[in-house]
There are 2 protein chains.
Amino acid sequence: PRPVKAPTGSQLHCKGWYQEAALRMLCNNLDPDNGENPDELIVYGGLGKAARNWDCFDAIIKTLLDLENNETLLVQSGKPVGVLTTHTAAPRVLIANANIVPHWANWGTFHELDKKGLIMYGQMTAGSWIYIGTQGILQGTYETFAALGQKHFKSDLTGKIVVTAGLGGMGGAQPLSVTMANGVAICIEIDPSRIARRLEKRYLDVEADDLDAAIAMARKAAADRKPLSIGLCANVGDILPAMIQKGFIPDVITDQTSAHDELNGYFPAGLSFKDALTLRKSDPDTYKDMALNAMADHVRAILEMKDKGAIAFDYGNNLRAQAMKKGVDNAMDYPGFVPAYIRDLFCKGEGPFRWAALSGDPKDIKVTDDALMQLFPKKTKMINWLKMAQEKIEHMGLPSRICWLGYGEREKAGKLFNDLVRTGKVKAPIVIGRDHLDCGSVASPFRETEAMKDGSDAVADWALLNCMTNVASGATWVSFHDGGGVGIGYALHAGQVTVADGTDEAEIRVTTVLRNDPGTGIIRHADAGYQTAIDVANEKGVKLPMINMHGERP
Amino acid sequence: PRPVKAPTGSQLHCKGWYQEAALRMLCNNLDPDNGENPDELIVYGGLGKAARNWDCFDAIIKTLLDLENNETLLVQSGKPVGVLTTHTAAPRVLIANANIVPHWANWGTFHELDKKGLIMYGQMTAGSWIYIGTQGILQGTYETFAALGQKHFKSDLTGKIVVTAGLGGMGGAQPLSVTMANGVAICIEIDPSRIARRLEKRYLDVEADDLDAAIAMARKAAADRKPLSIGLCANVGDILPAMIQKGFIPDVITDQTSAHDELNGYFPAGLSFKDALTLRKSDPDTYKDMALNAMADHVRAILEMKDKGAIAFDYGNNLRAQAMKKGVDNAMDYPGFVPAYIRDLFCKGEGPFRWAALSGDPKDIKVTDDALMQLFPKKTKMINWLKMAQEKIEHMGLPSRICWLGYGEREKAGKLFNDLVRTGKVKAPIVIGRDHLDCGSVASPFRETEAMKDGSDAVADWALLNCMTNVASGATWVSFHDGGGVGIGYALHAGQVTVADGTDEAEIRVTTVLRNDPGTGIIRHADAGYQTAIDVANEKGVKLPMINMHGERP
Ligand SMILES: NC(=O)c1ccc[n+]([C@@H]2O[C@H](COP(=O)([O-])OP(=O)(O)OC[C@H]3O[C@@H](n4cnc5c(N)ncnc54)[C@H](O)[C@@H]3O)[C@@H](O)[C@H]2O)c1
Ligand SMILES: NC(=O)c1ccc[n+]([C@@H]2O[C@H](COP(=O)([O-])OP(=O)(O)OC[C@H]3O[C@@H](n4cnc5c(N)ncnc54)[C@H](O)[C@@H]3O)[C@@H](O)[C@H]2O)c1
């Protein structure tokens, strides 16, 4: 155990704030208050790590402490491999995690390379040093459940029961998101420590002793139209069939176990938690096979609930594709959350804008929250969210905030934050980044780019153009990963983090990056034929050579 | 037919030389004197294209003509999709070609996406606008045959017979390379127009009427210790077994058909050239199956020749892996050319440095050749090559030159060329780029990264770090592709092109890019444990955090 804490305050340890920001955010990803299993350098999402091993972590820190303002550190799968002289306007760190030549890009090869010490799984924000705890996903999850309520019930989730599983780094956001939307949630989780943690952080209201108790509590709360989240320590694969047998069909069924990783992310039904952990090490092949079969049954149960009236959607963990491997040919009969609820936001360049206060002082986040509400007085949904967040969210590690902002808005917010630093309204620079799950940054046919209008789900050029754009625009660090969310081989995605340190240079960098980064999202969706994206491009002057630049469309 | 010629001279058509260079080099790739099949926008290597279609070509040209000096054009698989405001030090064009999410990255999905008009195969220098005709590969091929002679015969190829196939964009360099090394070559090619073209360009000496004539001519030339290259119009799959039957075993056997593409690159034995072309369109599935089976027999024949004493090596066209699909389990019994002959050069940061004179005047290349010989008076191999090139190579399209230079040397050459432009010794700016087949830019387990010391053949993080490094260092255009040489899914690789226009800014950009680009090659090979690369890093001050920066190795 090596507890890591990010340095805080307005004192520099590095030769500039850009390096300092990278150092603090790397440490913050491994802060036991923030990351899920920092002892093994795991931040979230199964195996998602911040550095390859502790030697690499130490070497990254040392190198950042020495890094000049015209140098760039190269990080290959969590290992610092080189330092190049570039120039002051270049990124300070360039990161590539878990990328494998496509023909070999699968978990089998990944684990072989991992055993040889040659690679690391970075998930999305783990290996790109911008994880901000469950708040990061809370906002996305809240928006999703809110959009679901609006679409299917023309209201919020009052009186409705959601069943889901997984209370990990991301999944842990589900209970609070549902209750924020006034609904009732039963959350099945096999690891008792995860339940304890969500109770302690107030993301989860209560724990039920068994399934009957959970159902009774849920039915009562729904009848009373009261929000309530209920944890149930069990294997979801045992529970769903039991629910069906008891005639209990929820209004909404989804899942956030780490199904994308059949070895380290999912527990096969029928085994105890402890036996499963032992089998993982002693006989991984058998384990993987059991897990995939269990996922197949899991999806069959979801499909049955759907047939019986539940709204089913996939929450981006690749469960459906895994089940297809074991013969569930109709697994895709229920949609992913992106085409169902998120795509329309992407067409406007909206995505998970987030920031952290390097000072470590929660008051700095309060200042940014308030300034943002003043800057966008008409964005009532955003204002509601920020108020709710101020009230309900405990900071984990460095104080931080997230809210989805669209094309044009992100740039304005970035300038605003830089001004707050410049004028001393906050005590130290602000770091601005995002999840890789964004409008322009990701190619992931089972999640973000599922069912694209033009059939371009699997085209990954877009993610690469986003990556190169962020480097060219002067982001402070840029990353490119394989496998976030849905597992190795199933997604390619880019991340960027940019520091507002109050200087004129930072203003240029922050506004350039925060314009162009979502700009590639507008371009990607316009090219795919989404009219909303074309309209936004025309309105806001995003130049599209084959659409709006040279007169008529050729 | 739409013959394209690059504009020449010192007059600008665009708003700056960086845009102008991109425009001219794109046109140059499609110049009928340079590209292989410009009517279909095909530059070389089977399907390797410069733009997705003629509408896209026109739109790229229009957009480059308008592009401001602080703008960046995004090109997605040969289509111009967006223009972003970046800054003057950023690349002018960012290109991503044929990248597909790994799980779907195969020819099947590629062709489906291609039919929908969503993707383009860029090979390496086709889609990244720095193809310079067969000279590009001539140097590499010459170096390879020279190294082979040195390694196996302790001399050049005097008195030795090489048998190979394919006289396409790359393969066409084989006959001249072998004769430059004083050897004898029999080159089997099924397409008569390819043979005619190589004869006309003086890359090929003579054509034989049939196999017996070819063997007789080869034997006589070898006995006389005279260099000679002989074309034979036939299918290699029919010829190799016939050679074996006749008891003719060459000294060296290799192949450069476009075997990586079983539909558009390889002709199955037993079919006439015309019948094969018809079958490709009428029944592609049958065609592909026949081609793969023919490749299996082809490899079996190579293995038999090897058993009988020939030196066999794979020339980077994925023939061995294709044969394995049809059961030739021991296809990998003969090595690829990289581990056999090239890896050691990569460890020194050496790679295919190339440049073109935007003036269009061959005298400009003469000036650069002479200046380079003065700059490096001790590089006798390079000097020999440049003299031979001046004598034997006809320019195809814009006058250009290639020679392999190492870490440190490329940077010096770039500064030299920028000085030549500044002082008016050449008439217009010089474009400096390279093939993607370079020390740091590519992950390709069947070619450039075959049999890496640490087993990291398939790790693709390195190619991405190279790509991001080139963007961060200020290259004029940067590209990232899937599938060059070995086919979709088998390789990921980055390209860069940087313009020396004689300004101070260009000097900074050129030297930064030409230092860091091969720098990532030193880093990649040092990390893999190659002592030569570690020595070069230590000698030349390439910073390696875990190796030479913080005292002892942790
Ligand atoms: N919704 C989104 O936007 C979104 C975004 C990113 C990722 N995801 C995906 O959601 C999944 C969960 O992410 P995470 O960070 O929470 O992962 P995690 O590994 O931290 O947590 C997964 C949890 O599921 C539990 N679990 C596994 N199998 C179980 C079973 N059979 N029954 C009950 N509990 C079980 C584990 O004990 C663990 O607590 C991942 O696949 C992730 O990629 C979703
Ligand atoms: N050595 C290297 O450094 C290197 C570099 C890059 C690529 N390559 C690979 O070499 C291959 C050739 O490249 P290219 O640009 O010359 O391709 P190309 O498509 O231009 O030419 C291939 C030639 O092979 C001929 N051919 C195909 N099947 C044949 C058969 N069965 N018998 C006789 N002739 C046949 C075709 O008619 C064609 O002329 C490609 O796979 C390429 O990727 C090698």
Side-chain angles (χ1 to χ4, degrees), chain A residues 55 59 62-63 72 74 76-77 79-84 86-87 89-91 94 96-97 99-105 109 113 116 118-119 443 445 454-456 458-462 464-465 468-469 471-473 478 480 482 489-492 512 516 519 523 527 543-546 549-550 554, chain B residues 55 58-59 62-63 72 74 76-77 79-84 86-87 89-91 94 96 99-105 109 113 116 118-119 443 445 454-456 458-462 464-465 468-469 471-473 478 480 482 489-492 512 516 519 523 527 543-546 549-550 554:
Chain A
D55 282 345
K62 271 192 199 164
T63 308
T72 297
L74 304 186
Q76 183 261 323
S77 279
K79 177 180 181 183
V81 292
V83 172
L84 300 168
T86 50
H87 53 85
L94 298 172
N97 286 325
N99 296 284
I100 304 178
V101 178
H103 183 69
W104 293 266
T109 309
L113 291 167
K116 292 184 191 152
L118 296 171
I119 206 159
D454 61 346
S456 61
V459 177
D461 292 333
W462 302 102
L464 283 150
L465 290 174
M468 291 191 252
T469 293
V471 179
S473 300
V478 179
F480 198 84
D482 181 337
Y490 288 91
L492 294 177
T512 306
N516 291 336
I523 292 168
D527 192 74
K543 293 186 182 178
L544 310 170
M546 308 280 288
M549 274 181 76
H550 307 295
Chain B
D55 282 347
D58 290 334
K62 271 192 201 167
T63 308
T72 298
L74 304 187
Q76 183 260 322
S77 279
K79 176 179 182 183
V81 292
V83 171
L84 300 169
T86 49
H87 53 84
L94 297 172
N99 295 284
I100 304 178
V101 178
H103 183 69
W104 293 267
T109 308
L113 291 167
K116 292 184 189 153
L118 295 171
I119 206 159
D454 61 346
S456 60
V459 177
D461 292 333
W462 301 102
L464 283 149
L465 290 174
M468 291 190 254
T469 293
V471 179
S473 299
V478 179
F480 197 84
D482 181 338
Y490 289 91
L492 294 178
T512 306
N516 291 336
I523 292 168
D527 192 74
K543 293 186 183 179
L544 309 170
M546 308 279 288
M549 275 180 75
H550 307 294

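FYI, side chains are in, hydrogens and waters are out, and symmetry mates aren't considered; it's all heavy atoms of this structure. Chain letters run A, B, ... following the sequence lines, proteins first and then strands; every chain starts at 1.
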Identify which of [options] forms the greatest number of heavy-atom pairs closer than 4.5 Å to chain B.
options                              : value
A:Gly82, A:Ala90, A:Pro91            : A:Gly82
A:Leu94, A:Thr72, A:Leu544, A:Val478 : A:Leu94
A:Leu74, A:Ile119, A:Ile523          : A:Ile523

Taking the side chain as every heavy atom from C-beta outward, state whether B:Leu464 and A:Gln76 have any pair of such atoms under 4.5 Å apart.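 Counting from C-beta outward, B:Leu464 and A:Gln76 never come under 4.5 Å.
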Can you tell if the side chain of B:Leu492 reaches within under 4.5 Å of the side chain of A:Asn99, non-hydrogen atoms only?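 The answer is no; the side chains never approach within 4.5 Å.
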Can you list the residues that meet the side-chain contact (heavy atoms from CB on, under 4.5 Å) rule with B:Ala491, with sequence neighbours excluded?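 side-chain contact (heavy atoms from CB on, under 4.5 Å) list for B:Ala491, sorted by chain: B:Ser444, B:Val486, B:His493.
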Can you name the closest pair of heavy atoms from B:His87 and A:Ala472 and give their distance?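 Reported closest heavy-atom pair: NE2-O, 2.8 Å.
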Could you tell me which non-hydrogen atom of A:Val81 sits nearest to which non-hydrogen atom of B:Asp527, and how far apart they are?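 In terms of heavy atoms, the two residues are closest at CG1-OD1, 3.8 Å.
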Can you say whether [X] sits under 4.5 Å from chain B via the side chain, the backbone, both, or neither, judging by heavy atoms?
X        : value
A:Met549 : side chain
A:Asp482 : side chain
A:Lys116 : side chain

Quick check on the interface: out of B:Thr512, B:Asp58, B:Thr469, who has the most heavy-atom pairs with chain A under 4.5 Å?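 The answer is B:Thr469.
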If we define contacts as heavy-atom pairs under 4.5 Å, which of B:Leu84, B:Thr86, B:Thr109 has the most with chain A?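 When all of B:Leu84, B:Thr86, B:Thr109 are compared, B:Leu84 has the most.
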